[in-house]
Amino acid sequence: MSTQQSHIVSHAQGVETESVDADYFAHRQLKQGAAGWVLLIGLGVAYVISGDYAGWNFGLAQGGWGGMFVATLLMATMYLCKCFSLAELSSMIPTAGGGYGFTRTAFGPWGGFLTGTAILIEYAIAPAAIACFIGAYCESLFGVGGWMIYLAFYVVFIGIHVLGAGEALKLMFAITAVAAIALGVFIVAMVPHFDAANLFDIPVGEAAGASAFLPFGYVGIWAAIPYAMWFFLAVEGVPLAAEETKNPKRDLPRGLIGAMLVLLAFASLILLVGPGAAGAKALMGSGNPLVEALEAAYQGSTWMSQFVNLVGLAGLIASFFSIIYAYSRQIFALSRAGYLPRGLSVTNRNKAPVAALVVPGIVGFGLSLTGQGDLLILVAVFGATLSYVLMMAAHITLRLRRPEMPRPYRTPGGIVTSSVAMLLAAVALVAGFLVDPRVVIGAAAIYALFIAYFALYSRHHLVSGTPEEEFAAIQAAEKALR
């Protein structure tokens with residue numbers, strides 16, 4: 001195949017854009033029409049459903065139940081406002097780049113790169129955290145965990161994605177449906193054992209504002225925010241399926257908002273009945289909190305705990321499986337446009353970007369060997385919150401500067417809604433430093449390396465003719481004519 005560069009066609013905005021021949025794009029094609037809005041709702045829920053099974057409960061150790069409740073309320077507000085805003089952006093700019101495409105249109109190549117790589121950090125790290133939780137579930141179920149489990153899951157599920165998007169999305173939908181049924185069983189089983197006193201059984205500390213409701217004081221609310229985000233983290237990945245969606249201008253908003261409403265229901269019920277039946281103290285350090293909650297409530301193993309344990313593995317698999325899809329599409333879009341090495345966007349005969357699937361998988365497997373799922377969550381949250389601030393800024397900027405752009409879906413509340421999401425995302429970005437500043441600083445260092453690569457090399461080798469670049473060029477030309 002040929003990727004011969006013809007000539008430099010632009011030096012605008014501090015970058016150099018090169019033309020390539022038609023064969024370049026022929027080897028970088030995704031499978032169109034693979035998903036409708038129902039599958040997109042399933043995809044959005046699949047991204048996140050593992051957060052209902054494990055990870056959220058670490059917030060109890062940071063803020064107690066009251067701190068986690070307030071943090072979840074704030075993050076639910078942020079994500080709902082963000083999804084309304086992204087629904088508008090995705091209907092306007094339906095490309096596989098998702099957030100990168102939105103900010104590329106609003107702020108140019110630098111904005112697109114900064115957002116795209118922040119999203120990439122989130123999606124590349126999140127599967128490593130989930131792999132740690134999968135290992136804990138497998139250890140509980142089969143007595144086998146550790147690196148062999150991590151490796152097996154990476155190999156099997158990357159392999160399925162290599163077979164093609166249509167098959168992968170349908171399998172993800174089925175796994176997610178089973179996992180959602182198990183959450184329903186858990187909720188129903190815990191309701192008879194609910195006792196409000198169990199929510200406040202963590203001993204009260206000495207921090208400012210400490211009480212039974214906030215045992216770690218006011219600062220506990222802030223420290224719980226990264227784990228409250230785990231109830232919703234990655235739902236914003238739905239727009240990454242834009243180029244494989246039947247009717248993206250209609251289906252992407254439906255998929256985003258529908259998935260968010262499902263996730264809101266699960267988060268509120270699980271946070272209430274889990275600690276309310278088993279006790280917040282019992283769950284705050286668990287790698288398998290739903291099963292331990294059932295065993296605490298029913299004083300031992302039952303068919304329900306065994307069922308939730310077995311099917312809970314399906315919930316973790318659903319998120320693991322779907323976020324692999326998300327990171328591959330983000331890398332595909334950035335690579336196709338030249339922001340990352342171009343070889344990462346080459347697709348096989350099944351229209352799957354193999355290198356974009358495999359390379360981050362190798363990195364994620366290496367990180368999973370740390371076994372520190374709670375700390376890996378912090379790294380994913382760093383990338384996520386940074387991208388949220390940038391995407392919401394893009395929504396506000398395009399509303400103010402480009403009001404004439406077609407908007408098949410319009411955000412309720414307009415820039416007020418996206419401003420609320422941006423403010424809360426900025427708060428969440430800082431919150432990670434309260435838990436472990438070393439981890440967040442490490443994530444920032446990785447981000448700085450990406451920025452250095454772009455500044456020193458890839459901004460001089462961007463590709464013209466990609467959907468994101470063409471869209472931006474058309475918008476710039478139309479603006480110049482006014």
Side-chain angles (χ1 to χ4, degrees), residues 1-30 95-125 240 326-347 353-364 366-367 379 382-383 386-387 390-391 394 441-473 476:
M1 81 181 156
S2 171
T3 59
Q4 183 66 38
Q5 300 162 3
S6 300
H7 58 283
I8 295 175
V9 298
S10 174
H11 293 270
Q13 297 179 298
V15 302
E16 298 172 7
T17 307
E18 304 167 347
S19 64
V20 293
D21 60 26
D23 196 43
Y24 179 88
F25 292 109
H27 288 87
R28 290 163 173 82
Q29 297 288 326
L30 298 174
T95 69
Y100 141 63
F102 308 152
T103 52
R104 169 67 182 85
T105 303
F107 304 123
W110 271 100
F113 180 81
L114 291 173
T115 304
T117 48
I119 294 171
L120 180 56
I121 289 172
E122 172 192 359
Y123 289 153
I125 300 302
L240 294 171
Y327 76 54
S328 69
R329 270 47 182 182
Q330 186 67 73
I331 290 176
F332 169 83
L334 290 168
S335 167
R336 181 178 61 180
Y339 290 83
L340 294 178
R342 298 179 186 179
L344 294 172
S345 55
V346 176
T347 52
V354 178
L357 287 161
V358 172
V359 172
I362 294 171
V363 174
L367 291 172
V379 180
F382 168 81
L386 187 57
S387 73
L390 292 167
M391 288 189 288
I441 291 170
I446 295 170
Y447 189 54
L449 291 176
F450 276 114
I451 294 172
Y453 172 78
F454 181 70
L456 298 175
Y457 177 78
S458 68
R459 72 184 177 93
H460 301 294
H461 300 279
L462 301 185
V463 176
S464 65
T466 64
E468 297 84 4
E469 300 300 317
E470 285 291 283
F471 188 87

Task: Straight-line distance of Arg329 CZ to Leu334 CG, nearest 0.5 Å - done: 13.5 Å
Open item on the list: I need the minimum non-hydrogen distance between Leu240 and Gln330, along with the two atoms involved.
Closed with: CD2-OE1, 3.6 Å
Task: Leu114 CG to Thr103 OG1 distance, which is reported to the nearest 0.5 Å - done: 8.0 Å
- [ ] Could you pull out the closest heavy-atom pair between Leu390 and Phe107, with the gap in Å?
- [x] O-CE1, 3.8 Å
- [ ] Mind running side chain to side chain contact (heavy atoms under 4.5 Å, CB included) on Trp110 and Ile451 for me, showing each step along the way?
- [x] CA-CA 9 Å; Trp110 271 100; Ile451 294 172; 4.0 Å; yes
- [ ] Measure across Tyr339 and Tyr100 and return the closest heavy-atom pair with its distance rounded to 0.1 Å.
- [x] CE1-OH, 3.2 Å
Open item on the list: For Pro360 versus Ile331, what's the shortest heavy-atom pair and its separation?
Closed with: CG-CD1, 3.0 Å
TODO: Identify the two heavy atoms, one from Ser335 and one from Pro341, that lie closest to each other, and give their separation to 0.1 Å.
DONE: OG-O, 2.6 Å
Open item on the list: Taking Arg336's backbone N and O only, do any of them form a donor-acceptor pair with Tyr24's side chain (distance below 3.5 Å, no angle check)?
Closed with: yes
Task: Nearest atoms (heavy-atom pairs only) where Ser464 meets Ser19 - done: OG-CA, 3.3 Å
TODO: Would you sort out whether Val20 and Phe25 count as a side chain to side chain contact (heavy atoms under 4.5 Å, CB included), showing the intermediate values?
DONE: CA-CA 8 Å; Val20 293; Phe25 292 109; 3.7 Å; yes
Open item on the list: Val379 vs Leu367, test: side chain to side chain contact (heavy atoms under 4.5 Å, CB included). Steps then yes/no.
Closed with: CA-CA 11 Å; Val379 180; Leu367 291 172; over 6 Å; no
